[in-house]
Q: 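Mind having a look at this structure? Questions to follow.
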Amino acid sequence: MHRMQGFGTTVFAEMSALALRTGSVNLGQGFPDTDGPAAMVEEHVRGLRAGLNQYPPGPGLPVLRQAVASHQQRHYGITLDPDSQVLVTVGATEAIAASVLALVEPGDEVLLVEPYYDSYAASVALAGGVRRAVPLRRDGAGLRLDVADLRAALTDRTRLLLLNTPHNPSGTVLTETELRDVAAFCIEHDLLVLSDEVYEHLVYDGLRHLPIATLPGMAERTLTISSAAKTYSVTGWKTGWVTGPAELVRAVQTVKQFLTFVAHGAAQSAVAHALEHEQAWVTALAASLGERRTLLADGLRACGLEVLRSDATYFLQADVASLGWRSGTDFARALPERAGVVCIPTEAFCDSDVGATLVRFAFCKQDSVLVEAVDRLAAADLAWSGSA
Ligand code: PMP
Ligand code: GLN
């Protein structure tokens, strides 16, 4: 199909298959190797036994819509009507696709912050839109968004900004000042914003995530997306949500009805339970992930890799130019053979060469797995040798 040309198998599926085939430690695809809160899992089982096995209501179970609204109020002071401003989706992935399909007309331009999560580009393509990737810039050891770059990518067809903070793959958390600049830009040019906040709770070192919808003039133009996947270590449950102004949420629901109609019922009731009762578990998860981030970063540095700063998410990036490589993709393809470790080339999230020598490692794994990966890397010859 013409619109999907260039979109083959996702890089996550490709690299996980490679890990399996080569017996590698898989630090590619971002999924945890331990379970979420036990009471939440029990609640899921209870829901299945109690007969939550038929189609739930289209917008989602009332108990989950209420829990999402309460969560936004409690954490960010955002007031939402659970009946008209919250829509439950099959993961954040469906929320992204349905929102883009609902908001983007053929030929409309969508600004993506680059590197961008792969499903953004595919969703824009499905809608017949045109993506404009705006690269994050190197700033010391990290990556930062410069609003001047958004401005430079603007045209009279620009309709939507797809924002992602905390950011996959860099672990960048946009600061309040940056978000205010972005907000002013969106208001000035009357842009809609789709804000992907699935890593909202996985932020380290005392930093805090701020939803752009909390800034003046933004609630009315922003759809905010999140998901249970990362917050509760249930990437397989595919339970997400989109919140925002009633008329925009209604537009997304109109599309969503014909993608999946509804999301899995018992998982919704379990996630509602988690949103209400498992904040202490989430806080402990974030503390532990912050430590695992440091464990992996130190280990990679000891192997001669330049590690970029990551303040959040499951991921950190390394620059393989420090080992003489000119292509992160070549490095990632060679790594299973050389070291028995799998990572993801950042190039898969880019249109420009901004990620050409970067690779992404996931640290959402048990310490023993991270130590095994670092030991394997330390024992291998990782330097560019003139061939992959
Ligand atoms: N957005 C980002 C930035 C992600 O990393 C992911 C991957 N989990 C998703 C969306 C998709 O989330 P879900 O599994 O809830 O569909
Ligand atoms: N979000 C996960 C990641 O970035 C992967 C999700 C997927 O496999 N599509 O690794």
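Predicted, not measured: the structure shown is a model, and the values here were computed from it. Start at 1 and go down the list; that is how both ligands and their atoms are numbered.
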Q: Below a 4.0 angstrom heavy-atom separation, can you tell me which part of Met15, side chain or backbone, both or neither, approaches ligand 2?
A: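 Near ligand 2, Met15 shows nothing, with every heavy atom at 4.0 Å or more.
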Q: If you count only heavy atoms, which residues are under 4.0 Å from ligand 1?
A: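 Ligand 1 pocket, heavy atoms under 4.0 Å: Gly91, Ala92, Thr93, Ile96, Tyr117, Tyr120, Asn164, Asn168, Asp196, Val198, Tyr199, Ser227, Ala229, Lys230, Lys238.
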Q: Between Val124 and Val130, is the side chain to side chain contact (heavy atoms under 4.5 Å, CB included) condition met? List the steps.
A: CA-CA 7 Å; Val124 172; Val130 177; 5.8 Å; no
Q: Side chains of Gln85 and Thr243: is there a donor and an acceptor less than 3.5 Å apart?
A: no
Q: For atom 8 (O) of ligand 2, grab the closest protein heavy atom and report residue, atom and distance to one decimal in Å.
A: Gln29 NE2, 2.7 Å
Q: Under 3.5 Å, is there a donor on one side chain and an acceptor on the other for Asp351 and Tyr116?
A: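 A pair is found: one side chain offers a donor N or O, the other an acceptor, under 3.5 Å apart.
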Q: Using the six-membered ring wherever Trp is involved, compare the ring planes of His44 and His264 and label them parallel, tilted or perpendicular (cut-offs 30° and 60°).
A: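 Because their plane-to-plane angle lies in the 30° to 60° range, the rings of His44 and His264 count as tilted.
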Q: Once you restrict to heavy atoms under 4.0 Å, what part of Tyr117 touches ligand 2? Side chain, backbone, both or neither.
A: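 The answer is the side chain of Tyr117.
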Q: Using a 4.0 Å cutoff against the non-hydrogen atoms of Lys230, which atoms of ligand 2 qualify?
A: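 Answer, ordered by atom number: 1 (N).
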Q: Can you list the atoms of ligand 2 that are under 4.0 Å from a heavy atom of Asn168?
A: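 Near Asn168, the atoms of ligand 2 are 4 (O).
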Q: Under the side chain to side chain contact (heavy atoms under 4.5 Å, CB included) test, which residues partner Val198, sequence neighbours left out?
A: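 So Val198 forms a side chain to side chain contact (heavy atoms under 4.5 Å, CB included) with Ala92, Asp196, Ser227, Lys230.
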Q: Backbone, side chain, both or neither: what part of Asp118 comes under 4.0 angstrom of ligand 2, heavy atoms only?
A: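 Asp118 to ligand 2: no contact under 4.0 Å from either part.
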Q: Between the side chains of Thr313 and Arg360, does any donor sit under 3.5 Å from an acceptor?
A: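 Arg360 and Thr313 do not have a side-chain donor-acceptor pair below 3.5 Å.
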Q: How about Glu276: does its CD atom have over 12 heavy atoms from other parts shown lying under 6.0 Å from it?
A: yes
Q: If you measure from the Lys or Arg side-chain nitrogens to the Asp or Glu carboxylate oxygens, is any gap between Arg46 and Glu42 under 4.0 Å?
A: no
Q: Side chain, backbone, both or neither: which part of Phe315 has a heavy atom under 4.0 Å from ligand 2?
A: side chain
Q: For the residue pair His201 and Tyr76, categorise the inter-ring angle as parallel (less than 30°), tilted (30 to 60°) or perpendicular (more than 60°).
A: parallel
